[in-house]
2 protein chains.
Amino acid sequence: MITIKDIAKLAGVSYSTVSKALNDDPAIKPATKQKVLAVAEKHQYRKNMLARQLSTGRSNIIGFVLDELSNPLFSNISGRLHTELKKRGYQMILVVADDGVDVFSQLRVDGCILWDYALDNREMFWKKFATLNMPCFVLGTDEAPNSPYIKIDRKEGLFKAVEHLKSLGHSRIGFIGNSQHVKLEGYREALQRTGLAFNEDHVLPAHSSWEDGYFAIRNHAFGADSPTAFIGLNNLVTRGALRALLEAGYSVPRDISLIGYDDLPDMQYAEVALTTIGPSLDELAVQAAELIVSLIRDEQVDVPVVIQPKLNLRNSTAMCRQ
Amino acid sequence: MITIKDIAKLAGVSYSTVSKALNDDPAIKPATKQKVLAVAEKHQYRKNMLARQLSTGRSNIIGFVLDELSNPLFSNISGRLHTELKKRGYQMILVVADDGVDVFSQLRVDGCILWDYALDNREMFWKKFATLNMPCFVLGTDEAPNSPYIKIDRKEGLFKAVEHLKSLGHSRIGFIGNSQHVKLEGYREALQRTGLAFNEDHVLPAHSSWEDGYFAIRNHAFGADSPTAFIGLNNLVTRGALRALLEAGYSVPRDISLIGYDDLPDMQYAEVALTTIGPSLDELAVQAAELIVSLIRDEQVDVPVVIQPKLNLRNSTAMCRQ
DNA sequence: CTGAAAGCGCTTACAG
DNA sequence: CTGAAAGCGCTTACAG
């Protein structure tokens, strides 16, 4: 590996001059800079970032802790966040949750973002996270103790979904999924705000996977009192539920309306293009990138940042047939 | 940030002793080690990996260059690879292709893996890759100049698919997708090996996305001479094609059989559980992890490693109705 | 078994 | 405008 000293020798200057030339130090005479850059170029010199980082104390890397990669939502967000961070001069490294925080405390990234979607051991993470002693925040949570965070106002999202369904004449609106307290709570409050009755039987148990959604519908005993519309907990659950509804012979949206949480591009590729609620993923990525950069620069920030989910109309909701 | 020197002071030993204790150097007296570890623990000492890396020249990080995150195949493989590398004591960082190689040459990872699925500018990548001057290999390619690689024998996979369909009585077997030379070639050769005729019209143009597969079928003029079975280029194309077939009123597999390339877990969640061909993703991840570790250790390796795709029977293929 | 010292490849006041 | 020197936080022969 060729180093700054080699370049110095070849260019006939001191190595501190090389360092300055490479870093665009204005104190360096243009001619000298040219010469140094030419030599560096010629010998394919690559700065050793490790050494630079050790010296400056900064790595220009931001860590992103993810629960898992299997939900399309996560990979989608990772991709967008990567793009936004790159625009701002940072590299992003992805680490899977089970060891994410530890890794960052070792790697000394400049900052880190914890995606708090449905972490199993959330408490433990928050605790570790708070001791991390570097700029970091929690993304997509409802609230976080001891950390700045970007909140997605999921309750408001659910309100929009319920409101939309009610405006189509639905009065028995079900919810598929019981693993996320905030969404379930949002669903209940939305019913209340719109003057609809809450019915325990209209909440179908499902955790987070496609199968969960699928079996939630399959195991539901449909009857005269069953919902005429459902809201799915997330993209996977909703798609699983849609499949089960179709297999059971229901037409969506003619017989039953369906709204899915998460506005992923591929929600429109479902058998019936799905109406969704969810935050704009682009907005999420932009806000996340800006917040972490501000935190690193120790700028004044207004936290929590709150992002409002939107209703995205497609073909899976229709007027309720009485 | 607390350093090795702080610990040394607190424990009443020299900082080189602290370093050794922390690294499990057998020359250190157990009692001393205990003491040091206790102090380190008490003060939440975290080793600065940057400094260690600078000193040892190794980072214990492996870079994985990906084309994109949007194809479920890629995120799936990333997840598995991460797991396998972790078992072997390495961190994995993911970088998106457009700047991946440059990043690694700066970050000085210990090794890197290039996922060569359908890179647009493959030539450029290979070239950069070869100059990288660190252990690295190309994963999933058919062949690579100047680098070790893990080959997926896609031609053999296509042969298995064609053979299976022929055994079910199909003689007009179509292929959806024309963006991957190797697969297309494999398809042609498989027809030849099984004694079936190649028909230009049975190759439907599609690049790689869900929509590509969907529109390939929609735009196909079905007639008496049309294929009674199709093989889809990848997971997305196949699922898009399936949707289009169903929408056009064909029953799969009663009217038309369909086999998809890529054995992702969710291929079974398609409207009809899809019969697939493709390498075992677990095997792929294990082989990749072992190869990079061997390369880093400068061990003797047998390259290329060749992985054989398998046929995974589900419900999308059936006897051809004459 | 322990410690002093050199070195990893940079950056950055500081002196000239 | 340029260079000598100290320092970033570790590891690792080497001496004792």
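In what follows, every heavy atom counts, from backbone to side chain, and hydrogens, waters and symmetry copies are set aside. First the proteins, then the strands, lettered A, B, ... as listed; each starts at 1.
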**Asked** 5' to 3' on DNA chain D, which nucleotides open and close the contacts with chain A (atom under 4.0 Å from a heavy atom)?
**Response** D/dC1 to D/dG9
**Fill in**
Comparing B/I28 with B/T56, nearest DNA chain C nucleotide closer to 5' gives the residue B/I28
**For A/D25, all residues meeting salt bridge (charged side-chain N to carboxylate O under 4.0 Å, His left out), sequence neighbours excluded** = none
**Asked** With A/N235, which of A/N71, A/D263, A/N76 fulfils side chain to side chain donor-acceptor pair (under 3.5 Å)?
**Response** A/N71
**Fill in**
Per the 3.5 Å Watson-Crick/G-U criterion and a run length of at least three, the stems involving DNA chain D are C:1-3 with D:14-16, C:5-12 with D:5-12, C:14-16 with D:1-3
**Prompt:** Do you know the tightest heavy-atom contact between B/V301 and B/S294?
**Reply:** CG1-CB, 3.4 Å
**Prompt:** Counting only N and O atoms by type, is there a donor-acceptor contact under 3.5 Å from the side chain of B/N23 to the main-chain atoms of B/S19?
**Reply:** yes
**Request:** Establish, from distance only, whether the side-chain atoms of B/N48 and B/R52 form a donor-acceptor pair under 3.5 Å.
**Result:** no
**Message:** Using a strict heavy-atom distance below 4.0 Å, which residues from residues 4-16 of chain A are in contact with DNA chain C?
**Reply:** A/I4, A/Y15, A/S16
**Message:** Quick one about B/S14 and B/T17 (side-chain donor to acceptor, distance below 3.5 Å, no hydrogens or angles considered), yes or no?
**Reply:** yes
**Request:** For DNA chain D, determine which residues of residues 17-25 of chain A have any heavy atom closer than 4.0 angstrom to one of its atoms, and list them numerically.
**Result:** A/T17, A/K20
**Prompt:** In this structure, which one of B/D262, B/N234, B/L236 forms a side-chain contact (heavy atoms from CB on, under 4.5 Å) with B/L73?
**Reply:** B/D262
**Side-chain ion pair, A/D142 and A/R154, N-O less than 4.0 Å** = no
**Fill in**
salt bridge (charged side-chain N to carboxylate O under 4.0 Å, His left out) filter on B/E41, not counting sequence neighbours, yields none
**Asked** Are side-chain heavy atoms of B/I292 and B/D110 found at a separation under 4.5 Å?
**Response** no
**Prompt:** Do A/H43 side-chain atoms and A/V39 backbone N/O form a donor-acceptor pair below 3.5 Å?
**Reply:** yes
**Asked** When you check the gap from the basic side-chain N to the acidic O, do A/E84 and A/R88 get nearer than 4.0 Å?
**Response** yes
